[in-house]
Each structure stands twice: as C-alpha cells, then as structure tokens.
K.L.:
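Here you go, one structure.
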Amino acid sequence: MKTLDQIAAELHCYDPQALSADDVLRFLAKLVFSVQDASDVPLFEALGRVLAADVISPFDVPPHDNSAMDGYAFDGQQLADTPVTLKVVGTAFAGKAWQGAVKTGECVKIMTGAIMPAGLDTVVPQEIVTVSGQNIIIAPKLLKPGDNRRHRGEDLMQGKPALLKGELLAPARLGLAASLGLKTVPCYRQLKVAYFSTGDEILSLGEPPREGAVYDSNRYTVFGLLSRMGCKVIDIGVVRDDPALLEAAFISAAQTADAIITSGGVSVGEADHTKAMMKKLGDVAFWRIAMRPGRPMAVGRIKKSASMPVLSSKLAASPINTGASSYENKSDEPSNPGGCILFGLPGNPVAVMVTFLAFVRPALLQMMGATVVTQPMLKACSQEAMRKKPGRTEYQRGWVSAAADGRLQVKTTGNQGSGVLSSMAQANGLIVLHHAQGNVAAGDAVDVLMFDGVI
Ligand code: AMP
Ligand code: MG
C-alpha cells in the first residue's frame, strides 16, 4: 500500500493546487482497492451487485436447434424456383420433442421454441404459406435453407464464460444467469459508505428554520447516488463544527465503512475544524481541482482506531445527529488496507453531485470490484453558445432531447451556480466541457454524461 505522497510522486506534474480532472481520476485509481469478500447471492438479491468470478455456462443455450417462428419445418434442400408443395405430417410443440420421421415432400407444423425434428433445417412462417387441405404451398424466393432456425448454443456455449468477473449485474445479466439454471451468482460484498454533512449552518429535517441556516440537501443527494450504486449507506447525519463530534464521527465511520464521504468544510479559508480533524486522523491531501463547479476536495485514508466504540455517546447526544442507528453488518471488516477511504467533498449542493459523479463514483465502482468504472458519453448539439476557459473542466447541467431531424440536442437548465440545485433537478445529463476546450458556439457538438441509470 502506497502513501498519498508516494502516489503523488508517481503522477506526472502533480500539483495539489491545480489538479486536472484526469489527474484526480489517476490518483484515485491508485489509492483505492477492491473488496475481496464474496458470497453466492440469490438472483433476486443480486441486481446491481458485482460478479466476483466468471460464470461458466454448464450447457448450451439453447440446448437444441429450435424454431424461431410459428410455421412449418422442412428440409430446406427442397426450396426451388417454382412453388413447393409439402404434406403436413404432424405438429411439434414447444417443450417436447417430435419423434416422427419426415420424408422428402413432407413438413411438420412447428411452434416457436419447439425442437427442430431430426433432419429438418428450415422453418417457413405460417403467415407466408398457402394452406390447401393437408398440404402447404411455399411460393418461390420467400426464404433460404436454414431460415428461422435457432442453433443450439447460439446464445451461450457449454464451458465458455457467460458472464465475467467484475461485471455489474444489470437486468439482462440476471436473466442470462437464470437461463443457465443458476439460483445464485458469486458476488462481491456490498460496499459500506458512511456519509455526514458538516457545517454549523446546516439544519436536519425536522429542525425549525433559523436565520442564515439551510436544510441539509447533500445528505439526500448523496444517499440517492450511493443507493443507486448498490452501496450500503451509513447515514451519520449532520455533524456540528465541534472537534469532539467530528472526531467521533470520523472514527466511528472508519470502524465500519469502506469509505467516508463528507460535504462542506474543505474550501480555503474555512474557519472550521473539519480539515484539521481529517489531517489529525489520517493521511489526507487537500486539493484544488481545475474544474467548475467543485474546486476544493479532500482525499485520503482515515485510520482505523483499535479502541473506538460505535458512535460515541457525545455524538449520539448531538441534537442534530439523526443517523446513529443505521450501523449494521459489523462482521465483515472494511478491506481497504491503511484505512477507510475519505472523500471530503465541497459543501455546495451542485458541487457535491458533480464531484461525486466525476470522481467518487468511478473510485467506488473500483472498490466494488467493477471492471468498467466510467460511463460512456453522448455527443449532442449545443442549442446555445457557452463561455468556457481552457485549463479547467466544466460541468453544465443540461437537458438532452431529440431535434426535429432526430439528432440529439442539449441546452443548459437555468442558473448554473454551484449552489443552485434546481439546475440539477431539471437536468437529464451533465454537459462536460473538457480541460483544454474553449468557448462553445451554438450548433457545436458537446459531450454529455447522461444521468439515466446513474442518478
Ligand atoms: P462550504 O464548502 O462548507 O464552504 O459550503 C459551501 C456552501 O454550501 C455554503 O453556502 C453552505 O451553506 C452550503 N452547504 C454546505 N453543506 C450543505 C448541505 N449539507 N446542504 C446544503 N447546503 C450545504
Ligand atoms: Mg462551511
């Protein structure tokens, strides 16, 4: 395990005061480790989990050649330039094999999914034949030999990997595992992520409004983002700007969680104790990232203390802490060597979501054991001009829609201030204006990170 300084030394031109978004991703990829514990998880509980081993197909899927259509199965050699007349000698239903023999000039009525009778390789759909008594007539040029037959093993081959270690179990992959007759799949354990908001001006829901105070929205956006990723969320609530409360919150979280996310208290000139406590309890770097929104961020490891009990009485007695009860599953230990990974996010609500999506999400996916940790971006045509300085990455909140010609277009959603959460709530994607990019003219193509399935 490398210290933060060792990781920094491996990065070209590391400058904590001016890190590019790419540098942040490179740094985090070296900082975090994947969980190792795995168990067999029933399919209904495996959605969103990460496979801990390849799943090898125990048999061919489908197990037999079968019909892709309702129609008539026959030997395709008989197709010709003139109409072909075939006598129907039986019916093959899905679910059981048809045992009879089929001679030249004969066919078998067949249902979708029924096993192809021996010697037959072609199915003519029932809609395109003419039925005449016991016979069917196939007009010329309607089909080729082999049409409408599904081949044994065309979906999955026996002994070959059907699903790969590190894949996220999305609905199609659950279905694929089920098609192999598997009741369970080997999954890494869920990641446990603790979250708390800092700041004396932050109110928990239920507290009466107070001048200068704002309700804690970050706790809910982070909860949603983590839940969508399939993490177990340890909600520690709002922690006041008091060294003892902050210390108790950090140490308790580090005992149980794989990662801690905080918001607030990391910007330059903060008069609070959050940064001091991060420094005291771990190996933490304080960055200024060349990005907008979300410039300040703290990253590192919080050491696990041997003596610390679950949430101290001091913290539990805090009037604005409401999340003390959600610690669970203490049996499986956090597995990152050197301590719990810390993501100290800025306080502004949009900055929290943007830094989470840009940096925390890929790092957590790596910790979950996933092999693909980034989302593909779409190209959309900007409906407006956007001012952009080269030398920093900007994330604008956007609404992507289809233009009249069917191409994708995107426009920003109102006020783009880093505290304006409505711009995020109205958006369906983030417009990513890359580090080196300059001004955007209306009509230019821009990259968009779609929220679908992520937010
Ligand atoms: P900070 O990074 O602590 O300087 O906070 C920046 C801004 O974000 C301030 O206006 C805070 O009031 C606001 N803020 C910080 N934490 C939260 C939170 N949990 N919910 C909503 N706003 C917050
Ligand atoms: Mg603050």
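Only heavy atoms go into these numbers, but all of them, side chains included; no hydrogens, no water, no symmetry mates. In listed order, ligands and their atoms are each counted from 1.
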K.L.:
Check each heavy atom of P296 against ligand 1 and say whether those closer than 4.0 Å belong to the side chain, the backbone, both or neither.
P.N.:
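It is neither part, as no heavy atom is under 4.0 Å.
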
K.L.:
Salt-bridge test for R240 and D242: reply yes if a basic N is under 4.0 Å from a carboxylate O, no otherwise.
P.N.:
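Salt bridge: no.
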
K.L.:
Between S401 and Q409, do the side chains contain a donor N or O and an acceptor N or O under 3.5 Å apart?
P.N.:
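S401 and Q409 do have a side-chain donor-acceptor pair below 3.5 Å.
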
K.L.:
State whether the shortest distance between N or O atoms of R219 and N or O atoms of ligand 1 falls below 3.5 angstrom.
P.N.:
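By distance alone, the answer is no.
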
K.L.:
V410 and side chain to side chain contact (heavy atoms under 4.5 Å, CB included): which partner among D447, N428, V446?
P.N.:
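It is V446; the other options fail the test.
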
K.L.:
Using a 4.0 Å cutoff against the non-hydrogen atoms of Y215, which atoms of ligand 1 qualify?
P.N.:
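Taking each heavy atom of Y215 in turn, ligand 1 has 20 (N), 21 (C) under 4.0 Å.
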
K.L.:
Is there a side-chain contact between R26 and D22 in this structure, where contact means two heavy atoms from C-beta onward sitting under 4.5 Å apart?
P.N.:
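The answer is yes; the side chains approach within 4.5 Å.
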
K.L.:
Counting heavy atoms only, name the option from G199, G265, S204 that's nearest to atom 3 (O) of ligand 1.
P.N.:
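Of the listed residues, G265 has the closest heavy atom.
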
K.L.:
Number the atoms of ligand 1 from 1 as they appear, then name those within less than 4.0 Å of a heavy atom of S197, with their elements.
P.N.:
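In order of number, 19 (N).
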
K.L.:
Less than 4.5 Å apart, any side-chain heavy atom of R397 and any of Q426?
P.N.:
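No, their side chains stay 4.5 Å or more apart.
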
K.L.:
For the side chain to side chain contact (heavy atoms under 4.5 Å, CB included) test, which of L180, L176, D60 pairs with D155?
P.N.:
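It is L176, the one option of L180, L176, D60 that forms the side chain to side chain contact (heavy atoms under 4.5 Å, CB included) with D155.
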
K.L.:
Regarding ligand 1, does G347 bring an N or O atom to under 3.5 Å of one of the ligand's N or O atoms?
P.N.:
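Yes - when backbone and side-chain N and O of G347 are compared with those of ligand 1, one distance drops under 3.5 Å.
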
K.L.:
Below a 4.0 angstrom heavy-atom separation, can you tell me which part of N218, side chain or backbone, both or neither, approaches ligand 1?
P.N.:
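It is both parts that get close, each with some atom under 4.0 Å.
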
K.L.:
Can you tell me which portion of S217 lies within the under-4.0 Å heavy-atom range of ligand 1? Options are side chain, backbone, both, or neither.
P.N.:
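Answer for S217: both.
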
K.L.:
Just jot down the ligand 1 atoms closer than 4.0 angstrom to any heavy atom of G264, in number order.
P.N.:
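Contacts of ligand 1 toward G264, numbered from 1: 2 (O), 3 (O).
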
K.L.:
Looking only at side chains, do S263 and N218 share a donor and an acceptor under 3.5 Å apart?
P.N.:
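S263 vs N218: donor-acceptor pair found between side chains.
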
